[in-house]
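Quick note: numbers below take in every heavy atom, side chains included, and nothing from hydrogens, waters or symmetry partners. Chain letters run A, B, ... following the sequence lines, proteins first and then strands; every chain starts at 1.
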There are 2 protein chains.
Amino acid sequence: MNLLLENIAKHVSLSNEEQERVLAFTETQHYKAKTILLKEGQVCTHSFFVLKGILRSYNIDENGVEHVVSFACPGWWIADMYSFLSQRPGQLYIEVNEDAEVLILSKENQEKLYLEVPKMERFFRILIENSLVANQQRLIDNMSFTAEARYDKFTKKYAELVHCLPQKQIASYIGVTPEFFSKMKARLLKK
Amino acid sequence: MNLLLENIAKHVSLSNEEQERVLAFTETQHYKAKTILLKEGQVCTHSFFVLKGILRSYNIDENGVEHVVSFACPGWWIADMYSFLSQRPGQLYIEVNEDAEVLILSKENQEKLYLEVPKMERFFRILIENSLVANQQRLIDNMSFTAEARYDKFTKKYAELVHCLPQKQIASYIGVTPEFFSKMKARLLKK
DNA sequence: GGAAACACTTAACCTAGATTAAGAAGTGGT
DNA sequence: ACCACTTCTTAATCTAGGTTAAGTGTTTCC
C-alpha cells in the first residue's frame with residue numbers, strides 16, 4: 001500500500017483515477033545518508049515526501065552555525081517552503097540524515113495537479129495549515145520555555161526520532177549549543 | 001472600494017457575483033482599543049480582517065509573561081490559527097491595540113464559502129502559505145540573530161507600525177524584556 | 001588497519017539578556 | 001485638576017546558556 005495515498009486519504013478522498021493521476025506526477029528516488037538535496041542559494045524546485053529514512057532541513061547563519069528547521073521521517077513532506085512557493089533562491093539546506101527513499105513532486109507538477117485534481121489543493125492547504133500551527137507553537141515555546149522544557153517537549157513529540165538523531169542536531173533544533181546540551185543532559189540524569 | 005476585495009484580487013480573480021457572495025459571509029464590527037476579542041481557553045470561532053486600527057495576538061506563559069505572536073494592521077487577517085482550524089480551545093489572546101474596524105468571518109461561513117466560491121480555497125491557501133513562510137523566517141531569525149539584529153529587522157519590516165506600538169510590545173515580539181529593550185535602544189542611540 | 005575527521009563530554013570562564021527595584025514621565029478617567 | 005495606573009528608563013545584580021579548550025570515544029574511508 002502506498003504511504004502517500006494513505007496520507008492523502010486522511011484528509012480528502014480521491015477516486016482510483018485521481019489517485020493514479022497523483023502518483024503519475026511523482027517520481028521515486030533513493031538517496032544515501034549525507035546526500036544534500038538542496039543548498040542555500042538554490043531554488044527549491046521539488047518537494048520531497050519521505051517513504052523511508054530521515055531527512056532534515058537547516059540553515060547556516062553568518063557565524064557558520066547550523067540551525068535545524070525540521071526533521072522529516074516517513075509520511076512527512078520536506079522542502080524550503082519560502083523558495084518552493086516563491087521559486088526564488090532560498091536559505092535552507094536539505095540533507096539526508098539516514099539512507100532514504102523519497103517521492104519527488106516538482107513545483108510544475110504540483111501546479112498541474114491542482115488543475116487536474118482540485119481536491120489536492122485542499123489536501124495541501126491542510127498540510128500547510130498544520131505546518132503553520134506547529135511552527136507557531138514552536139515559536140511560542142522558544143519564547144516561553146527554558147531549554148530544559150523545550151528538550152522535554154521534543155522528546156515527547158518526536159519520541160521515535162530522538163534515538164536516531166545525533167545529539168548536536170537535537171541541540172540545534174531546540175536552540176542550544178551541543179556543549180550546553182551535553183551539560184543539561186548530565187544534569188537531568190542526576191535527578 | 002473594499003479593502004478585502006482588493007486583497008483577494010491580488011491572488012485570485014472573482015466575478016462580481018462571487019465578490020458579493022464573499023461579502024455576504026462577512027460582518028463589520030467596530031471595537032475600542034483594549035477590547036479583548038479572544039481569550040486563552042476559548043475556541044476561536046471567527047477570524048478577523050482589519051479595515052482600520054491595529055490588533056495583536058499574544059499568549060501568556062506560566063510566569064505571567066506576555067509574548068506577542070503577531071500584529072495586524074489594515075489589510076491583515078488575525079486569528080488563533082490552531083484554535084480556528086481545530087475548533088479546540090486555544091492559548092492565544094486577541095486584543096485591539098488601537099480603535100479598530102474589522103470584518104469578521106466565522107469558521108462556519110468560511111466552510112460555506114469554500115463550497116460556494118471554490119477560488120477562495122486557493123486564496124486562503126496562499127495566505128496561509130505566506131504566513132507559514134513569515135513564521136519560519138522569524139523562527140530562524142530568533143535562533144540566528146542577537147536581539148539587536150532582530151530589532152533592526154523588525155523596524156525595517158514594520159516601519160509604519162513601529163511608531164504606533166508601545167515599546168513593551170515590540171520588546172515582547174522580538175523576544176526580550178522591556179528593561180533590556182530600553183537599555184539596548186539607549187546603546188543604539190550612542191552610535 | 002591506521003589516520004583523519006567527527007561526535008560527545010567536561011570544565012573554566014564569559015556575556016547577552018533577565019530580574020529586581022526604584023524613579024520619572026505619560027495617560028486616562030472622573 | 002488630580003489620583004491612579006501604566007509605560008519607560010536606569011542601574012545593580014544575577015543566571016541561563018555561550019565560548020574556548022582539551023580529552024575521549026567512534027566513524028569513515030583510503
Side-chain angles (χ1 to χ4, degrees), chain A residues 32-36 54 56 58 60-68 71 93 95-99 141-155 161-191, chain B residues 32-36 54 56 58 60-68 71 93 95-99 141-155 161-191:
Chain A
K32 285 262 151 220
K34 306 208 173 167
T35 310
I36 294 188
I54 302 177
R56 81 179 193 287
Y58 58 93
I60 295 185
D61 71 20
E62 41 197 11
N63 302 312
V65 179
E66 169 181 329
H67 303 279
V68 173
F71 297 107
Y93 293 78
E95 185 172 329
V96 179
N97 248 16
E98 286 189 1
D99 293 4
D141 289 354
N142 282 349
M143 297 202 291
S144 308
F145 298 146
T146 63
E148 214 163 294
R150 263 140 47 209
Y151 175 51
D152 194 55
K153 273 209 155 195
F154 183 85
T155 53
L161 253 183
V162 172
H163 313 288
C164 319
L165 296 174
Q167 318 241 53
K168 52 182 243 167
Q169 287 179 16
I170 301 178
S172 167
Y173 185 94
I174 68 173
V176 295
T177 59
E179 294 86 352
F180 180 76
F181 185 67
S182 187
K183 180 167 38 170
M184 190 181 79
K185 273 195 316 156
R187 202 167 56 207
L188 285 174
L189 273 181
K190 281 184 195 154
K191 294 183 185 172
Chain B
K32 286 261 152 223
K34 305 205 176 167
T35 311
I36 294 188
I54 303 177
R56 79 177 194 287
Y58 58 93
I60 295 183
D61 72 19
E62 40 197 13
N63 302 313
V65 179
E66 168 181 330
H67 302 280
V68 173
F71 298 107
Y93 293 78
E95 185 172 330
V96 179
N97 248 16
E98 288 189 2
D99 292 4
D141 289 353
N142 282 348
M143 297 203 290
S144 309
F145 298 147
T146 62
E148 212 162 298
R150 263 142 45 210
Y151 175 52
D152 194 56
K153 273 209 155 196
F154 183 85
T155 53
L161 253 183
V162 171
H163 314 288
C164 319
L165 297 174
Q167 318 243 52
K168 53 181 245 169
Q169 287 179 18
I170 301 178
S172 168
Y173 185 94
I174 68 173
V176 297
T177 58
E179 294 86 354
F180 180 76
F181 185 68
S182 186
K183 178 164 48 166
M184 189 179 79
K185 272 195 317 153
R187 202 166 56 206
L188 285 174
L189 273 182
K190 283 185 194 152
K191 294 185 183 170

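Comparing D:dT9, D:dG17, C:dG17 by their closest approach to the side chain of B:F180 singles out C:dG17. Nearest nucleotide to the side chain of A:V176, out of C:dA18, D:dG18, D:dT10: D:dG18. The side chain of B:E179 lies closest to C:dT20, out of C:dT20, C:dC8, C:dA11. Side-chain atoms of A:R150 lie closest to D:dG17 of the nucleotides C:dT10, D:dT9, D:dG17. Of the candidate nucleotides C:dG17, D:dT9, C:dC8, D:dT9 has the atom nearest to the side chain of B:K185.
Side-chain rings of B:F181 and B:Y151 approach one another, their centers coming within less than 6.0 Å.
Here D:dT7 presents its C1' atom at 14 Å from CG of B:N97, a figure rounded to the nearest Å. Between the P atom of D:dT15 and the NZ atom of A:K183 lies a distance of 14 Å, rounded to the nearest Å. Per the geometry, CD belonging to B:Q167 stands 18 Å off P belonging to D:dT6, to the nearest Å. In this entry the distance linking CG of B:N63 with P of C:dG17 reads 19 Å, nearest Å. Atom CG of A:L189 and atom C1' of C:dT10 are 14 Å apart (whole Å). One interatomic measurement links the two molecules: CZ of B:R187 to P of D:dT10, which rounds to 13 Å at whole-angstrom precision. Rounded to a whole Å, the CZ atom of A:F181 is 16 Å from the C1' atom of C:dT10.
Checking the phosphate oxygens (OP1, OP2) of C:dA7, no side-chain nitrogen or oxygen of A:Q169 falls inside 4.0 Å. Dashed line: the shortest gap from a side-chain N or O of B:T146 to OP1 or OP2 of C:dA16 is not under 4.0 Å. Considering only side-chain N and O atoms, B:T177 lies under 4.0 angstrom from the phosphate OP1 or OP2 of C:dA18.
The shortest side-chain heavy-atom distance between A:R150 and A:N142 falls under the 4.5 Å cut-off.
When every heavy atom of A:V162 is checked against every heavy atom of A:I170, the shortest pair comes out as O-CD1, 3.8 Å.
Checking B:A186 against B:K168, the closest nucleotide of DNA chain D that is more toward the 5' end is the one next to B:K168.
A salt bridge links B:R187 to B:E148: one of the charged nitrogens lies within less than 4.0 Å of a carboxylate oxygen.
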